[in-house]
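Just below is one structure, and these are the notes that go with it.
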Amino acid sequence: MPRTEADARRIALAVVVGPDAWGPGYVKRTPHLSDPDYWPVLGADCTWETGTRPSDVLSSVTAYSEIPAAGGRGTLRVAATVTVHRTESDADWEMASTLEEALRCPDQKLRDGERITGLMSLGNPFGVGGNVTAADTLREGGSYLDDAVKGKQFYSWYQSRIGQFTVSTVVKGAPGYTEMNGDTGIGTAQAQVQALITMIERVKGQLEVTS
């Protein structure tokens, strides 16, 4: 188990996934990795802001990827995050806080010109709701609105906990894409789950845990 910020940073970088884990067509965004001190905070007004990394978090890193716009489809933006907490209890508290955020703020401002609406969340401990990979997992879903893109798109967030680690993947929809494969677009759910499970397995490998 990592005990120092340096060890936690090393493991987080080894676990977080880039475009290769998402699938064909994905490339790195610029910048690709978040700043080591970056920590997003949902304010009282339901607007995301840059805050201070909590003392119970040893390290956190986000890797940004995308499929560039082409063939009549928009730019599909995705991200993967690994957070290393000091204790398992701290990681469990982050899971609970994430669930609470969707209840408190079903409509959230990501940044100027971008927001998500109608958020709903669902949590499943191990053995419940098909969760057979992590101690705890949750999903958020809603609509994504970008002032530069016409109409509503889908928004999907998955997060899982393994010990003192949390891993998450997020997809902000774009024209020409759907969550599931269908006549109206290319599905993204399989790529999102694949990226999440890759990180779960990497955490287990780093901790030498057999599933």
Side-chain angles (χ1 to χ4, degrees), residues 1-42 48-68 75-98 101 110-111 131 133-140 156-172 188-211:
M1 294 292 185
R3 292 288 181 261
T4 67
E5 292 187 8
D7 283 344
R9 177 71 176 175
R10 174 183 56 79
I11 293 176
L13 290 172
V15 169
V16 74
V17 295
D20 291 348
W22 288 87
Y26 289 88
V27 298
K28 292 180 179 180
R29 290 175 61 189
T30 303
H32 178 54
L33 295 179
S34 61
D35 185 275
D37 291 325
Y38 173 69
W39 186 260
V41 175
L42 185 63
W48 284 97
E49 305 166 347
T50 299
T52 301
R53 179 159 53 91
S55 60
D56 64 288
V57 173
L58 288 171
S59 183
S60 183
V61 62
T62 298
Y64 304 96
S65 303
E66 66 179 22
I67 298 181
T75 300
L76 181 74
R77 294 185 172 91
V78 303
T81 299
V82 179
T83 300
V84 187
H85 293 266
R86 292 188 182 276
T87 67
E88 183 174 325
S89 177
D90 293 332
D92 196 35
W93 181 249
E94 184 201 339
M95 297 291 289
S97 297
T98 302
E101 287 170 348
L110 302 179
R111 58 182 57 84
N131 174 23
T133 58
D136 195 11
T137 189
L138 63 87
R139 181 185 183 276
E140 290 183 354
S156 178
W157 171 287
Y158 284 97
Q159 183 166 310
S160 293
R161 180 182 68 78
I162 311 95
Q164 71 194 89
F165 293 80
T166 62
V167 294
S168 63
T169 54
V170 61
V171 176
K172 296 188 290 188
T188 63
Q190 182 176 352
Q192 184 176 11
V193 172
Q194 175 179 288
L196 184 75
I197 291 177
T198 298
M199 290 194 291
I200 290 173
E201 293 305 314
R202 287 182 180 182
V203 169
K204 292 178 179 179
Q206 288 288 327
L207 300 179
E208 299 180 349
V209 175
T210 57
S211 56

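We're numbering straight along the sequence, starting at 1.
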Problem set entry | Backbone N/O of S156 and side chain of R139: donor-acceptor pair under 3.5 Å | no

Exercise. In this structure, are over 12 heavy atoms from other groups packed under 6.0 Å from Q190 atom CD?
Worked result: no

For this session: Look up atom OG in S59 and atom CZ in R53, then write down how far apart they are to the nearest 0.5 Å.
Result: 6.0 Å

Exercise. When you look at T169 and M199, which way does the side chain to side chain contact (heavy atoms under 4.5 Å, CB included) test go after all the steps?
Worked result: CA-CA 10 Å; T169 54; M199 290 194 291; 3.7 Å; yes

Exercise. So, do L76 and V171 sit near enough that their side-chain heavy atoms are less than 4.5 Å apart?
Worked result: yes

For this session: Would you give the length of the straight line joining atom CH2 of W39 to atom OG1 of T50, rounded to the nearest 0.5 angstrom?
Result: 12.5 Å

Seminar exercise, completed: On a heavy-atom basis, the closest approach of G51 and V41 is CA-CG2, 3.7 Å

Seminar exercise, completed: From the list D92, D136, D90, salt bridge (charged side-chain N to carboxylate O under 4.0 Å, His left out) partner of R161 resolves to D92

For this session: Write down the atom of R202, the atom of V17, and the distance for their closest heavy-atom approach.
Result: NH1-CG1, 3.6 Å

For this session: Would you list the pairs meeting ring-ring contact (aromatic ring centres under 6.0 Å, His included) in which at least one residue belongs to residues 75-94, sequence neighbours left out?
Result: none

Problem set entry | Separation of T137 OG1 from I200 CD1 (nearest 0.5 Å) | 6.5 Å

Seminar exercise, completed: Between the OH atom in Y38 and the CG atom in L33, the distance rounded to the nearest 0.5 Å is 13.5 Å

For this session: Would you mind listing every ring-ring contact (aromatic ring centres under 6.0 Å, His included) that reaches into residues 5-31, with sequence neighbours excluded?
Result: W22-Y26

Seminar exercise, completed: What one should report as the nearest heavy-atom pair of P2 and L58 is O-CD1, 3.7 Å

Exercise. Any side-chain heavy atom of E101 sitting closer than 4.5 Å to one from W48?
Worked result: yes

Problem set entry | N/O donor-acceptor pair under 3.5 Å between R77 side chain and Y64 backbone | no

Exercise. What do the steps show when you test E94 against D56 for side chain to side chain contact (heavy atoms under 4.5 Å, CB included), and what is the final call?
Worked result: CA-CA 10 Å; E94 184 201 339; D56 64 288; over 6 Å; no

Problem set entry | Main-chain N/O of A91 paired with Q164 side-chain donor or acceptor, under 3.5 Å | no

Problem set entry | Check: R29 side chain, A63 main-chain N or O, donor-acceptor pair, under 3.5 Å | no

Problem set entry | Reported NZ-to-OG1 distance for the pair K172 and T75, which is rounded to 0.5 angstrom | 11.0 Å

Problem set entry | Nearest-0.5 Å distance, OG of residue S60 to CG of residue D35 | 11.0 Å

Exercise. Would a distance-only check, ignoring hydrogens and angles, find a side-chain to backbone donor-acceptor pair under 3.5 Å from Q159 to T166?
Worked result: no

Exercise. Is H32 close to S65 at the side-chain level, that is, under 4.5 Å between some pair of heavy atoms?
Worked result: yes

For this session: Output, in order, the C-alpha distance, side-chain angles, deciding distance and verdict of side chain to side chain contact (heavy atoms under 4.5 Å, CB included) for Q192 and L196.
Result: CA-CA 6 Å; Q192 184 176 11; L196 184 75; 5.9 Å; no

